[in-house]
Trainee: 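What follows is a single structure, and I will ask about it in a moment.
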Amino acid sequence: MPELPEVETVRAGLERHVVGRTVAVVQVLHPRAVRRDPAGPAGFAAALAGRTLKRAERRGKYLWLTLDDDEALLAHLGMSGQLLVGDPDRPLSPHVRVWITFTDGSPDLRFTDQRTFGHLMMCSLRGDDRVVPEPIAHIAPDPVEAVFDPAVFAARLTRRRTGVKRALLDQSLISGVGNIYADEALWHARLHWARPTETLNRGEVSRLLDAVRGVLTEALKAGGTSFDSLYVNVTGESGYFDRSLQVYGRAGEPCSRCATPIRRDSFMNRSAYSCPRCQPRPRNAHW
DNA sequence: ATTATGTCCTGCCAGC
DNA sequence: TGCTGGCAGGACATAA
């Protein structure tokens, strides 16, 4: 559930606290945390030990720490992943999956992940105009990065034959948007989540993209959204954008525009929150 | 090829 | 009290 604003908050924290430092010891406490790394836990740990972290970068919900011009440590937080920087003497929580110490002593870095959907891996960097980790070459640019092209997005979106929310959640079309900000952006744009993408006109696509950028930017200013202690920055603090949420998690509460109670629908074994009046269901809804 | 669905995983909580 | 089932859902493998 960490989406672009939460991941960017973590990236900025890593830039501040660990970039420039050299890794001493890497301990993989749960092999699942590095399941995507072909070298396995031991290979992963050996490859990272002794390396200096150069830059902290991000695309969508992925972030990575570059080690040199063609290699990086790639991270995805999944549902509940945290990258926590702190005093090496603090107690080891039961959900710490990877423990990284540095040659200059404190603080250390702990990849903590209750639900184990997140992962870390070593990887190579590739690209021409935008260098990204090779394993995420299929992830589309996110709407706040320079190479994001609104015209390309509009063309690809309207070529789809699916519902607009499903499209927003497809990271190979536009990255960084998850269930929370998809619902929020659709409310701002006054579009129903099941609206067929091929019926969106130019103005609606423009409104949608403005709404996506708006909610992501506002959430980033607030340090991200948090419903509980799972979504935190590198020093364990929560953001407060949840106070600004208009529909997500607010079933039954009045819409702030028209006072109609917010509706919750089941969608892809998840939830879709919307205002029945501001976002009427289209006749040709695409489930 | 594109689009849809199933799967992974743990903690919490309502309901019985 | 203690169990069960539902829910939270990102990204990938697999199916259609």
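Residue numbering restarts at 1 for every chain, and letters A, B, ... go by the order of the sequence lines.
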Trainee: Of A:Arg59, A:Arg213, A:Arg58, which meets salt bridge (Lys or Arg N to Asp or Glu O under 4.0 Å) against A:Asp142?
Mentor: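 The option that passes is A:Arg58.
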Trainee: Could you check whether atom CG of A:Asp69 has more than 12 heavy atoms from other residues, nucleotides or ligands sitting under 6.0 Å from it?
Mentor: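 Not buried by this count: 12 neighbours or fewer within 6.0 Å.
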Trainee: Could you tell me the boundaries of the chain A footprint on DNA chain B, defined by atoms under 4.0 Å from its heavy atoms?
Mentor: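 Boundary nucleotides touching chain A, in 5' to 3' order, are B:dT3 to B:dG11.
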Trainee: Would you say A:Arg277 has more than 12 foreign heavy atoms packed within less than 6.0 Å of its CZ?
Mentor: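 No, not enclosed.
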Trainee: Checking A:Arg250 side chain against A:Leu245 main chain: does a donor-acceptor pair fall under 3.5 Å?
Mentor: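 Confirmed, A:Arg250 side chain pairs with A:Leu245 backbone.
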Trainee: For the helix from B:dT2-C:dA16 to B:dC16-C:dG2, what angle separates the axis at the start from the axis at the finish, each from five pairs, in steps of 10°?
Mentor: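 That helix has its two terminal axes inclined by roughly 50°.
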Trainee: Does A:Arg115 make a side-chain donor-acceptor contact with the base of C:dG10, cut-off 3.5 Å?
Mentor: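 No pair found.
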Trainee: Restricting to salt bridge (Lys or Arg N to Asp or Glu O under 4.0 Å), what partner residues turn up for A:Arg166, sequence neighbours left out?
Mentor: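 Applying salt bridge (Lys or Arg N to Asp or Glu O under 4.0 Å) to A:Arg166 gives none.
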Trainee: To the nearest angstrom, how far is A:Leu168 atom CG from C:dA11 atom P?
Mentor: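 Roughly 14 Å, once rounded to whole Å.
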Trainee: Taking only residues two or more places apart in sequence, or in another chain, which ones meet A:Thr101 in a side chain to side chain donor-acceptor pair (under 3.5 Å)?
Mentor: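 Applying side chain to side chain donor-acceptor pair (under 3.5 Å) to A:Thr101 gives none.
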Trainee: Step through the shown structure and confirm whether more than 12 heavy atoms of other residues, nucleotides or ligands are within 6.0 Å of CG on A:Asn269.
Mentor: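 Check fails, neighbour count at 12 or below.
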Trainee: Are there more than 12 heavy atoms of other residues, nucleotides or ligands under 6.0 Å from atom CZ of A:Arg126?
Mentor: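 Not buried by this count: 12 neighbours or fewer within 6.0 Å.
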Trainee: Check DNA chain C against residues 169-179 of chain A and give the residues with a non-hydrogen atom under 4.0 Å, in numerical order.
Mentor: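 Under 4.0 Å from DNA chain C: A:Gln171, A:Gly178, A:Asn179.
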Trainee: So, do A:Phe117 and C:dG10 meet the stacking rule of ring centres under 5.5 Å and planes under 30°?
Mentor: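 It does: the two rings, one from A:Phe117 and one from C:dG10, meet the stacking criterion.
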Trainee: With sequence neighbours excluded, what pairs up with A:Arg190 under the side chain to side chain donor-acceptor pair (under 3.5 Å) test?
Mentor: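 A:Arg190 satisfies side chain to side chain donor-acceptor pair (under 3.5 Å) with no residue once adjacent residues are dropped.
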Trainee: Between A:Asp265 (CG) and C:dC7 (C1'), how many Å, whole number?
Mentor: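 The distance from CG of A:Asp265 to C1' of C:dC7 comes to 16 Å, rounded to the nearest Å.
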Trainee: Look for any protein N or O under 3.5 Å of an N or O in nucleotides 12-14 of chain C and output each such pair with its distance, or none.
Mentor:
from, atom 1, to, atom 2, distance (Å)
C:dC12, OP1, A:Arg36, NH1, 3.1
C:dC12, OP1, A:Tyr62, OH, 2.7
C:dC12, OP2, A:His138, NE2, 3.0

Trainee: Show every ring-ring contact (aromatic ring centres under 6.0 Å, His included) that has at least one partner inside residues 47-91 of chain A, sequence neighbours left out.
Mentor: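 For residues 47-91 of chain A: A:Tyr62-A:His76.
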Trainee: Indicate, with a heavy-atom threshold strictly under 4.0 Å, whether A:Arg156 touches base, sugar-phosphate, or nothing.
Mentor: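 Here A:Arg156 touches no strand at all.
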Trainee: Let me spell it out: for each of A:Asn269 and A:Arg161, pick the nucleotide of DNA chain B with the closest heavy atom. Which residue's pick is nearer the 5' end?
Mentor: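 It is A:Arg161 whose nearest nucleotide is closer to the 5' end.
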Trainee: Scan residues 148-169 of chain A for pairs that pass ring-ring contact (aromatic ring centres under 6.0 Å, His included), counting only residues two or more places apart or in two chains.
Mentor: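 Every ring-ring contact (aromatic ring centres under 6.0 Å, His included) pair that includes a residue of residues 148-169 of chain A, provided the two are not neighbours, is A:Phe148-A:Phe153.
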Trainee: For A:Arg270 and C:dA11, what is the distance between atoms CZ and P respectively, to the nearest whole Å?
Mentor: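 Answer to the nearest Å: 10 Å.
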Trainee: For the pair made of CZ in A:Arg166 and C1' in C:dG10, what is the distance, rounded to whole Å?
Mentor: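 Answer to the nearest Å: 14 Å.
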Trainee: Taking salt bridge (Lys or Arg N to Asp or Glu O under 4.0 Å) as the definition, give me every residue that meets it alongside A:Asp37, ordered by chain and number, with sequence neighbours left out.
Mentor: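 Applying salt bridge (Lys or Arg N to Asp or Glu O under 4.0 Å) to A:Asp37 gives none.
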Trainee: So which pairs with a foot in residues 94-129 of chain A pass ring-ring contact (aromatic ring centres under 6.0 Å, His included), sequence neighbours left out?
Mentor: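 Checked against ring-ring contact (aromatic ring centres under 6.0 Å, His included) - neighbours excluded - no pair reaches residues 94-129 of chain A.
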Trainee: Please name all residues satisfying side chain to side chain donor-acceptor pair (under 3.5 Å) with A:Lys61, sequence neighbours left out, ordered by chain then number.
Mentor: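 A:Lys61 satisfies side chain to side chain donor-acceptor pair (under 3.5 Å) with no residue once adjacent residues are dropped.
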Trainee: Please determine if a side-chain N or O atom of A:His76 lies less than 4.0 Å away from the OP1 or OP2 oxygen of C:dG10.
Mentor: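 False: A:His76 side-chain N/O out of range (4.0 Å or more) of C:dG10 OP1/OP2.
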Trainee: What's A:Arg160 touching, base or sugar-phosphate or nothing? Going by heavy atoms closer than 4.0 Å.
Mentor: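 Result for A:Arg160 = sugar-phosphate.
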Trainee: If each of A:Arg159 and A:Arg97 is mapped to the nucleotide of DNA chain B with the nearest heavy atom, which maps nearer the 5' terminus, i.e. the 5' end?
Mentor: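 This one resolves to A:Arg159.
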